[in-house]
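Values reported hereafter were calculated over all heavy atoms of this structure, with side chains retained and with hydrogens, waters and symmetry mates removed.
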Amino acid sequence: MKFTKMFPIFSEIALIKLLDQLYPRIISQIDRDPHSQTYGSCDRNHWMYRLHDFSSGILQQSSLVFAEFYALFTSHGVQDQMFLKKSTAKYWHRLARDINLFTLKLLKRNGYLDEYYPGEKSFAATVFSCYTLLKSALLLEQQEVIESKLLNHTANKLLKRTPSMAANQDIACAAFLGLLSKASDWKVNEVHEKISEFINRENFGCQFSEYGGFDLGYSSVTLNYLAYMDYDETFDTKEHILRLGEMCSYYITPSGNYGGEFGSRSTAYFLPFGFVYAATLDKNLTKTVSVLDLAYNYLKLDDRYLMHYCLPSLAVAAKFLFTKGNVESVNNCTRENNAFIKVDNETKVCSFKKNNACLFIALNKGGTLFLEKDSQAYHNCGYIIKRGAKTFATNILTENHVYNLENMKGEVFRIRIEGRFYTFRIILPSTFKTVVLRILGFMGPVFNKMFKELLIKQPIPLRGVSFIRDIKIDKDKGQVEVVDEIVNLRKDDKVFKSPVSSLRLVPSSKFYQRGEEDASADIFISNKYYANAKFKNTFEV
């Protein structure tokens, strides 16, 4: 079966057309009135809707988009589109510069940018937006930014950071430090050592892990910033690009799907530049990467995430292909027909591929699985128990899940996963909490760690109840049998099929995924199951 993409990832013209379609959405997020006090803010919820009292610094990344537009249409002879036209290039030039000046104003307060509340001093917002701030300023030769002591002040703070549980943020920090060091010959040796520390991440089981596991969407961000570094010639990251590029490309489905609930943070998006750049280094990646569905990915994103690193990456990829378009375009791809099973002990994902079908099973998330066959997607995210006012789920990332793989006979394999139900403390907004959060904001980022402990790192188990998922894969027949058992239910427990939506608060997740409608039909277990419940499903792959 062949798949033809409307926006093939290795076509610079296709990327321009997609950017043209998205242009009204992104520019509408920016305060473009030069007489406004918030001119240059990219946070529409602040300057337009007045929904919060500060401008989120992480959204300032869009200056790089307009700087790349300017370069594309003035230096590379790109033809006019419906919205993107050469006659508008001077406007983009001015807008990008003024966005950068507004970002400097935000940075001036304490050397950091805020993302979710004033005084937060967000590491993520700071490193991502500082990179795009400096990168766009270099493209536009904006000396007042390039020579600003504010960037050095921020960089000095960042040099004190150590690798975190979020690889994508660490690599973005490394990219900013490397670019600043190169641009101003600043602390070259010290920066080189810090970049090596951020990239090597020796204390993490999975080198580019995200909060304890491998996540596809966030890994594409890491890959993207590794590629930025090599492209900027600030640090040789080719070895890491190839390694991570191969890991990520393995989870691209035949129809161009990528990511989902089987990843540690449940994300289902990708940044294209890292994939495009990796394919220039290894032609073996070209065929696999070429099927990525750009239109599906970008049209489903909300405006906030377009303003993040997603659209800047798309714009950088477009210019890269115009300037160094040495990627062999493969628009129509077929997959190999050989069936095989793979257990990756680093990503904690078991895979089964055959013909134009694939199956991914998260071994550390209660056996959460994703199946695609002939472009049809199927999700099975385990079960939810409602006990009183609390909700517990099986698809929670934890090292407490026990799994083993055995070859039963011939080409029949069995995966048995034993785990429990977990929940997280869900903090809903209220007037009182908002006031408290503002007060805490004056105390700086000291509470960030506490919030992450509550919302991300500390799942709470449901005592006494266990969950067993028994999966049998017949490699020759292409048949998968899933038998689930829930043990030690109480009479008042209500059990439902888990929707394609994690319990955890992960802003980058919960975008639309193909097949989520079919996966969200409730399964209710009545009280006749006093202790145990058992379910069986069979799939053809």
Side-chain angles (χ1 to χ4, degrees), residues 58 115-116 122-125 127-128 163-173 201 204-226 244 247-248 250-252 257-271 274 297 300-302 304-305 308-310 313 344 346-349 360-370 379 381-382 393-401 419 422-427 448-449 451-459 498-513 516 519:
I58 202 166
E115 182 176 4
Y116 292 114
S122 166
F123 176 59
V127 296
F128 285 122
S164 70
M165 295 184 69
N168 73 98
Q169 297 174 19
D170 291 347
I171 303 306
C173 182
R201 295 172 55 80
F204 297 87
C206 179
Q207 183 182 15
F208 297 116
S209 63
E210 300 291 337
Y211 292 98
F214 185 74
D215 182 82
L216 277 299
Y218 277 111
S219 289
S220 79
V221 179
T222 301
L223 180 63
N224 186 80
Y225 276 84
L226 287 169
L244 184 57
M247 287 176 66
C248 291
Y250 180 79
Y251 298 101
I252 301 172
N257 230 353
Y258 181 79
E261 287 292 319
F262 63 91
S264 68
R265 307 219 71 199
S266 308
T267 58
Y269 65 90
F270 63 88
L271 275 61
N297 179 70
K300 75 180 179 184
L301 288 171
D302 62 25
R304 178 180 175 88
Y305 269 82
H308 275 51
Y309 31 61
C310 294
S313 177
D344 191 324
E346 185 172 10
T347 64
K348 299 293 191 297
V349 176
F360 300 126
I361 304 166
L363 302 174
N364 57 354
K365 292 186 74 176
T368 296
L369 64 85
F370 171 78
H379 305 263
C381 301
T394 59
N395 60 331
I396 302 296
L397 179 74
T398 172
E399 293 299 321
N400 295 328
H401 290 299
Y422 294 87
T423 192
F424 285 90
R425 295 178 178 89
I426 307 299
I427 301 177
N448 282 0
K449 185 177 180 180
F451 289 149
K452 288 182 178 180
E453 290 285 342
L454 291 173
L455 300 176
I456 299 174
K457 295 169 59 178
Q458 296 297 331
S498 181
V500 186
S501 186
S502 172
L503 278 182
R504 292 184 303 166
L505 176 60
V506 183
S508 290
S509 68
K510 304 192 180 184
F511 293 114
Y512 172 74
Q513 296 183 56
E516 71 170 51

So how far is it from [X] [atom1] to [Y] [atom2], rounded to the nearest 0.5 Å?
X      : Y      : atom1 : atom2 : value
Asn168 : Ser508 : CG    : OG    : 8.0 Å
Gln169 : Glu210 : CD    : CD    : 7.5 Å
Leu397 : Lys348 : CG    : NZ    : 10.0 Å
Ser313 : His308 : OG    : NE2   : 14.0 Å
Leu369 : Cys381 : CG    : SG    : 7.5 Å
Arg265 : Tyr211 : CZ    : OH    : 5.5 Å

Kindly give the heavy-atom pair with the smallest separation between [X] and [Y], and that separation in Å.
X      : Y      : value
Gly259 : Gln513 : O-OE1, 4.3 Å
Ile396 : Pro459 : CG2-CB, 3.8 Å
His401 : Gly419 : ND1-CA, 3.3 Å
Tyr218 : Thr267 : N-OG1, 3.6 Å
Gly382 : Thr394 : CA-OG1, 3.3 Å
Gly212 : Met165 : N-CE, 3.9 Å

Exactly one of Phe262, Phe360, Phe370 should register a ring pair (Phe, Tyr, Trp, His ring centres under 6.0 Å) with His379. Which one does?
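The option that passes is Phe370.
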
Out of Val221, Thr222, Asn297, Leu223, which residue meets the side chain to side chain contact (heavy atoms under 4.5 Å, CB included) rule with Leu271?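 Going through the options one by one, the only one that passes is Val221.
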
Whether [X] side chain and [Y] backbone form a donor-acceptor pair below 3.5 Å:
X      : Y      : result
Arg201 : Ser164 : yes
Asp170 : Cys173 : no
Tyr305 : Cys310 : no

Problem set entry | Under 3.5 Å side-chain donor-acceptor pair for Tyr269 and Ser220 |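 Tyr269 vs Ser220: no donor-acceptor pair found between side chains.
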
Going by distance alone, is a donor N or O of one side chain under 3.5 Å from an acceptor N or O of the other, for Lys365 and Ser502?
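No, Ser502 and Lys365 have no side-chain donor paired with an acceptor closer than 3.5 Å.
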
Residues Tyr225, Tyr309; criterion ring pair (Phe, Tyr, Trp, His ring centres under 6.0 Å); working and verdict: CA-CA 10 Å; Tyr225 276 84; Tyr309 31 61; 7.1 Å; no

Please examine the side chains of [Y] and [X], heavy atoms only from C-beta on, and report whether any two atoms are closer than 4.5 Å.
X      : Y      : result
Phe270 : Leu216 : no
Ile171 : Phe208 : yes
Val506 : Ser266 : no
Tyr116 : Ile58  : no

Pair Tyr250-Asp344, side chain to side chain contact (heavy atoms under 4.5 Å, CB included): steps then yes or no | CA-CA 11 Å; Tyr250 180 79; Asp344 191 324; over 6 Å; no

Worksheet item: Angle class for the Tyr251/Phe214 ring planes (parallel below 30°, perpendicular above 60°, tilted otherwise)?
Response: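 Judged by the thresholds at 30° and 60°, the geometry between Tyr251 and Phe214 is tilted.
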
